Amino acid sequence: MPELPEVETVCRRLRPFVSGKTIANVEVLDAKIIRGHEPEIWKQQLLDETIQDVERRGKFILFKLTNGYLVSHLRMEGKFFPHDEMVNPVKHTHVVFTFTDGTTLHYNDVRKFGTMELKTNDDLYVTPPLSLLALEPFDSGVTAETLHTRLKRMNVRAIKTALLDQSIFVGLGNIYVDETLFRAGVHPTRPSASLSLDEVRLVHQEAVAVLTEAIERGGSTIRSYTNPDGASGTYQETLYVYGQTGEPCKRCGRPIEKMKLGGRGTHYCPHCQQ
DNA sequence: AGCACTGTTTACAT
DNA sequence: TATGTAAACAGTGC
């Protein structure tokens, strides 16, 4: 489900809700979500911790604690729901945090792909998964030149596959990578090393624009994504190619096509993306 | 009914 | 080493 814009939307909602709150209890209803520690140990480490802030790194949510960080990844279907009081868990609720003020935070995840892991301050950025990420896409260190160099090194990989690789470029997922390539006029199967610097410039510019616009619209709701308040995003209303198979291209009017690339459904306009 | 598909990542085979 | 595939899981739609 969530790519960078959805995760950013979730973080912005959770930040004011949990910041300054102290964890009074944690119920782990499905241990599969917890990584790195036995659930009981994990829980003990969280008790009495105060959440200082909520940060985002790539598609990860970072709860900054008094000691260390709780790192969460929503994968396909993970969702956090804040509540002002105790609420009964529902079918796919796997973790429930209760704060000392009586408010609660539920983690729901239909497919149980999501993860939560505790990290020390020292380990956070120097151990996986965060150590594997490229810089944030909005970081001034990410330029067309640096991206061009990295894509050159990938020589034969399809540009779409390379852009989905979070160690190459952070934040794009299957929706936004298809949108980025359409807007840049680049065919998804193009070998990454074959892109000129000017083409990479365009790809970079469109990637940042797509992510920025999607954040402004609260992300995309295609089938199941909602923000922590249960509301949908609106970026899906502006999509050029994702999920538009057979629909006329908004630029040239010819039908959008869909193919399989690297195991992912890939939407593109064969006329606008050569 | 059964199979293919799904906003992600990674473990494992080649 | 690097790249492609399968797997983690549940639900939906054809």
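Nothing here was measured: the structure is a model prediction, and the numbers come from that model. Proteins come first, then strands; the chains are lettered A, B, ... in the order of their sequence lines, and each starts at number 1.
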Can you check the distance between [N] and [M], where both ends of the measurement are the [atom1] atom (answer in whole Å)?
N: dC12(B); M: dC9(C); atom1: P; value: 15 Å
N: dT1(C); M: dT9(B); atom1: P; value: 24 Å
N: dA6(C); M: dA4(B); atom1: P; value: 12 Å
N: dT3(C); M: dG7(B); atom1: P; value: 23 Å

Cation-pi geometry met for K250(A) and Y240(A) (6.0 Å, 45°)
yes

Distance under 6.0 Å and angle within 45° of the ring axis: does K79(A) meet both against F81(A)?
no

Do the ring centers of H187(A) and Y268(A) come within less than 6.0 Å of each other?
yes

Proximity of Y176(A) and Y235(A) rings by center, below 6.0 Å
yes

Give me, pair by pair, the N or O atoms of the protein and of nucleotides 11-14 of chain C that are less than 3.5 Å apart, along with how far apart they are.
unit_1	atom_1	unit_2	atom_2	d
dG11(C)	OP1	K91(A)	NZ	3.0
dG11(C)	OP1	H92(A)	NE2	3.0

Check the distance between [N]'s [atom2] and [X]'s [atom1] and give it to me in whole angstrom.
X: R56(A); N: dG7(B); atom1: CZ; atom2: C1'; value: 15 Å
X: N108(A); N: dC9(C); atom1: CG; atom2: P; value: 18 Å
X: M116(A); N: dT8(B); atom1: CE; atom2: P; value: 19 Å
X: L74(A); N: dA10(C); atom1: CG; atom2: P; value: 18 Å
X: E77(A); N: dC5(B); atom1: CD; atom2: P; value: 17 Å
X: R150(A); N: dA2(C); atom1: CZ; atom2: P; value: 13 Å
X: D165(A); N: dT1(C); atom1: CG; atom2: P; value: 16 Å
X: L164(A); N: dT6(B); atom1: CG; atom2: C1'; value: 14 Å

For the side chain of T146(A) and the backbone of V142(A), is there at least one donor-acceptor N/O pair under 3.5 Å apart?
no

Is there a donor-acceptor contact under 3.5 Å from the side chain of R190(A) to the main chain of S194(A)?
yes

Less than 4.5 Å apart, side chain to side chain, heavy atoms only: is that true for [X] and [Y]?
X: V186(A); Y: I159(A); value: yes
X: V54(A); Y: L62(A); value: no
X: K160(A); Y: L181(A); value: yes
X: T266(A); Y: D178(A); value: yes
X: C249(A); Y: F182(A); value: yes

The reported gap from NE2 in H204(A) to CZ in F169(A) (rounded to nearest 0.5 angstrom) is 5.5 Å

Please determine, for the side chain of K258(A), which listed nucleotide (dG7(B), dC5(B), dT9(B)) has the closest atom?
dC5(B)

Using Watson-Crick and G-U wobble pairs with both distances under 3.5 Å, what is the 5'-to-3' dot-bracket string of DNA chain B, with [ ] for crossing pairs and | for pairs outside the strand?
.|||||.|||||||

Using a cut-off of 4.0 Å on non-hydrogen atoms, how would the nucleic acid contact of S224(A) be classed: base, sugar-phosphate, or nothing?
base

Over all strands shown, is G265(A) touching base, sugar-phosphate only, or nothing at heavy-atom distances under 4.0 angstrom?
sugar-phosphate

So, is [X] near the phosphate of [N], with a side-chain N or O under 4.0 Å from OP1 or OP2?
X: K59(A); N: dG7(B); result: no
X: H73(A); N: dT8(B); result: no
X: K260(A); N: dC5(B); result: yes

Its contact letters, B for base, S for sugar-phosphate only and - for none at protein heavy atoms under 4.0 Å, make nucleotides 3-8 of chain C read S----B

Is the base of dG11(C) syn or anti, if syn means a glycosidic angle within 90° of 0?
anti

Any salt bridge linking D198(A) with R201(A)? Criterion: basic side-chain nitrogen under 4.0 Å from a carboxylate oxygen.
yes

